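Given the structure is predicted, the values throughout are model-derived calculations rather than measurements.
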Amino acid sequence: MKKIWLTLLKMLAFLLVLFATMRVIFIIKYWSLVTLSEIPFKEILKGFWSALPLDVATASFMLALPAIYMFVTLAINKDTLFAPLRWFFYLLVAVYNLAAFGDIGIYGEWRTKLSYRALMYLENPSEVINTAETEQTLLLIVLWSVFTVLFCWLYTRFVEPKETESRSEERKPNVYVMSGSFVLVVGLLFLGMRGGFNEIPITSSKVYYSSHKLANEMSVNPAYYLVENILNSKKVESRAHFNYMDFETAEKRAKGLHQTSCDSTLSILKMQRPNIIVVLLESWSADLIESLGGEPGITPNFRELEKDGLLFTNIYASANRSQHAMSSLFGGLPGMPVTTITNHPDKYYAVPSLVKKMDSIGYYTSFYFGGELNYGNILSYLRYNEFDEIVEGKDINEGFYKGKLGYHDTDVMPWYAEQVSQHPQPFFSTLFTQSTHSPYDFPKIFEEIEWPKIEKQYVNSGHYTDIAIKMFMDKARQQDWYDSTLFIFVADHSHASYKNHRMESFDHHKIPMLIYGEPLQDSLKGKTFDKICGNTDLPAMILAQLGLKHDEFFWSKDMFGLCYRPFAFFELNNGLGWKTPEGEFVYSNTGNFIKNNLPENISDSIIKDGKSYMQYHFDLFNSY
């Protein structure tokens with residue numbers, strides 16, 4: 001039994017050394033990019049430590065089969081035959097090195113890691129051969145051969161037990177000891193696979209530690225990333241199909257929806273370059289807001305802000321996950337069926353960045369969150385956007401009470417108001433709340449709202465975050481930056497509520513949004529904006545208000561544009577919702593209309609608009 005434990009530990013160490021070696025080769029190959037990007041050497045070294053959780057997860061998956069094999073053979077016969085494991089590891093080393101050197105080879109040309117998209121080019125091997133540099137290809141083949149042979153030898157020499165060692169245990173272990181050891185090994189491997197005891201399982205985003213793209217991508221295990229990317233891509237291929245019309249027709253119609261006869265906009269600001277704080281409200285449904293049809297008393301502090309703000313009464317989230325919202329807010333990208341952009345880092349390049357645009361005109365950019373950004377691979381997407389500062393729960397050391405998912409809003413929000421005072425102005429900063437996400441373990445600092453028959457915890461979490469908003473605004477008003485700061489309160493997506501809306505409905509996808517602050521035109525304070533719009537429209541609106549072009553944000557519309565064409569969209573895994581001033585429809589790809597209240601004389605045309613939008617969005621995403 002001792003032999004199995006020792007062998008597994010040596011196997012783990014062997015794999016970690018293999019991963020680190022390939023990482024060193026990657027750094028050596030692209031050292032010119034390291035120096036060009038001015039990445040400090042200490043930061044490169046830090047990447048090896050940052051990479052460890054994902055490396056351990058990768059190794060845990062690889063060790064599952066050897067562990068089971070050794071215990072099974074031990075149960076049958078006290079002598080374990082290690083020859084089959086030797087050939088398993090030879091194959092494992094060869095395949096891993098193939099992925100690692102493929103990653104190294106492709107990065108120089110694409111500046112992205114080896115992905116499912118890259119593998120698809122192998123369907124045309126002649127094209128790959130003709131476009132690859134012969135010298136580099138030969139060098140990579142030689143290096144792959146040398147390091148594969150080297151690590152196969154290292155495995156045989158230092159990891160595989162010698163014949164004398166394998167026969168040293170003459171007694172068959174006690175069945176209870178063997179069973180207990182097996183359960184413990186399986187449990188440890190499972191913990192390794194999911195990245196420990198954290199509420200959120202590990203993803204490749206976990207290792208993102210730097211503001212430098214190259215440093216982050218160097219730290220991501222190439223095998224883990226490749227498998228993760230293949231699974232996400234296959235999920236899209238197998239579960240999402242939107243072939244309503246030919247591509248050219250869909251493209252023409254979708255582009256026509258975004259054409260306007262003028263680009264003038266209504267200015268809502270009293271100053272040219274205000275600070276901007278986006279308070280991204282986790283899972284806030286419009287049903288939490290009395291002015292949007294919700295029950296009174298849930299969010300009284302938000303209602304108080306409405307008196308001096310501009311409330312949006314007809315805004316909808318295009319999807320149901322936070323990772324969708326990030327790309328909508330910072331890239332103007334609508335929700336994607338089945339998958340999200342954060343699951344496809346190889347496609348980030350195709351999405352424009354509001355953050356980079358703000359940085360280009362002198363804004364300091366930051367993102368704050370009391371929880372873990374590992375969820376949904378969000379951190380990798382934020383890193384790609386090149387925020388000047390990203391702060392998440394692990395970076396906060398203030399002694400706050402910590403729930404399962406992180407620090408709660410009544411602690412983080414007022415603390416954040418003080419942190420922003422350290423930002424150079426103008427700044428563009430996002431605060432992402434988290435207490436309105438299950439498991440709702442926020443501090444009980446108020447008398448619970450009892451009347452909801454369903455979603456009572458959710459309603460009370462909204463009331464709790466509403467209290468945190470008041471604490472945040474009270475603290476913000478004490479700061480020097482307050483008078484020159486525009487606040488945008490907007491939900492990342494909606495949530496099931498006490499009204500029990502069907503998820504395939506615009507009632508469910510309706511979210512609150514409020515623009516507030518001294519820079520807002522006095523004539524708009526206490527008013528409502530009633531035109532139909534979506535959360536994807538924020539980038540175009542913000543840039544237009546700052547007097548900037550936003551043509552690259554194709555999917556985002558300036559809702560204050562004088563020639564604005566109002567419509568909203570949401571995705572279903574197998575369909576879509578589409579809303580215009582004339583009416584709305586919700587369609588399932590099974591051929592059923594879940595809802596259609598469009599006038600009969602224009603119904604076909606509007607339905608075709610919605611379908612073309614969905615199809616072009618999906619086809620374009622897959623072409624990146």
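In this structure a side-chain-to-backbone donor-acceptor pair under 3.5 Å is missing from Arg565 to Thr260. Under the 3.5 Å distance criterion, the side-chain polar atoms of Lys206 are left unmatched by any main-chain donor or acceptor of Gly195. Side-chain atoms of Gln434 never come within 3.5 Å of backbone atoms of Gly371 as a donor-acceptor pair (strictly under, hydrogens ignored). With hydrogens and angles disregarded, a donor-acceptor distance shorter than 3.5 Å links the side chain of Asp103 to the backbone of Leu114. Looking only at distances, a side-chain donor or acceptor of Asp388 sits under 3.5 Å from a matching main-chain atom of Thr365. Between the Ser328 side chain and the Leu333 main chain, a donor and an acceptor come within less than 3.5 Å of each other. In this structure, the side chain of Ser318 engages the main chain of Gly335 through a donor-acceptor pair within 3.5 Å.
Looking at Asn377 and Thr342, their side chains never bring a donor and an acceptor atom within 3.5 Å of each other. In summary, the side chains of Tyr107 and Glu217 do present a donor paired with an acceptor at a separation below 3.5 Å, with no hydrogens or angles considered. Side-chain contact, Glu43 with Tyr209: no donor N or O sits under 3.5 Å from an acceptor N or O. Side-chain polar atoms of Asn374 and Thr203 form a donor-acceptor pair below 3.5 angstrom. No hydrogens or angles considered: nothing links the side chains of Ser556 and His550 as a donor-acceptor pair under 3.5 Å. For the 3.5 Å distance criterion, the side chains of Asn589 and Tyr244 qualify, holding a donor opposite an acceptor.
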*Test Phe432 against Asp492 for side chain to side chain contact (heavy atoms under 4.5 Å, CB included), laying out the working first.*
CA-CA 9 Å; Phe432 187 22; Asp492 61 340; 3.6 Å; yes

*Take Asp359 and Tyr363 through the test side chain to side chain contact (heavy atoms under 4.5 Å, CB included) and record every step on the way to the result.*
CA-CA 5 Å; Asp359 180 74; Tyr363 273 79; over 6 Å; no

*Carefully, step by step, assess Leu405 and Tyr375 under the rule side chain to side chain contact (heavy atoms under 4.5 Å, CB included).*
CA-CA 10 Å; Leu405 295 184; Tyr375 174 76; over 6 Å; no

*Could you check Lys608 against Thr249 for side chain to side chain contact (heavy atoms under 4.5 Å, CB included), going step by step and ending with a plain yes or no?*
CA-CA 10 Å; Lys608 196 168 185 180; Thr249 301; 4.2 Å; yes

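The side-chain tip of Lys357 does not point at the ring of Phe428 from less than 6.0 angstrom away and within 45° of straight on.
Taken to the nearest 0.5 Å, the CG atom of Leu281 stands 7.5 Å off from the CZ atom of Phe489. Distance check, rounded to the nearest 0.5 Å: OG1 of Thr340 to CD of Glu571 gives 10.0 Å. Atoms NE2 and CG, from His324 and Leu329 in turn, are 14.5 Å apart once rounded to the nearest 0.5 Å. Of the inter-residue distances, the one linking Ser322 atom OG with Glu282 atom CD reads 4.0 Å to the nearest 0.5 angstrom.
Arg253 has a carboxylate O that lies under 4.0 Å from a charged side-chain N of Asp609, or vice versa, which qualifies the two as a salt bridge. Salt bridge Lys255/Glu251: present, at least one basic N to carboxylate O contact under 4.0 Å.
Heavy-atom neighbours of Arg321 CZ from other residues, nucleotides or ligands within 6.0 Å: at or below the threshold of 12. Counting non-hydrogen atoms of neighbouring residues, nucleotides and ligands closer than 6.0 angstrom, the NZ atom of Lys549 reaches no more than 12 such neighbours.
Summarising the geometry of Ser429 relative to Tyr416, their closest heavy-atom pair is OG-OH, 2.6 Å, with the distance given to 0.1 Å. Ala568 and Phe506 make their closest contact through O-CZ, 3.8 Å (heavy atoms, listed as atom of the first residue, atom of the second, distance). For the residue pair Phe570 and Ala317, the shortest heavy atom distance occurs at CB-O, 3.7 Å.
Using a 30° and 60° split on the angle between ring planes, Phe569 and Trp578 fall in the perpendicular class, above 60°. In this pair, Phe312 and Phe529 present their aromatic rings tilted. The plane angle is within the 30 to 60° band. Ring pair Phe427/His423 is perpendicular by interplanar angle, where above 60° counts as perpendicular and below 30° as parallel. Between Phe567 and His258, the two ring planes are perpendicular [angle over 60°; tilted spans 30° to 60°].
The ring pair (Phe, Tyr, Trp, His ring centres under 6.0 Å) analysis of residues 325-348, with sequence neighbours excluded, yields the pairs Phe330-Phe387, His344-Phe621, Tyr348-Tyr381, Tyr348-Tyr384. Among residues at least two apart or in separate chains, side-chain hydrogen bond (donor to acceptor under 3.5 Å, both in side chains) pairs with a member in residues 45-61 are Arg23-Asp55, Asp55-Asn221.
Remark: of the listed residues Tyr96, Phe151, Phe48, Tyr96 is the sole one forming a ring-ring contact (aromatic ring centres under 6.0 Å, His included) with Phe19.
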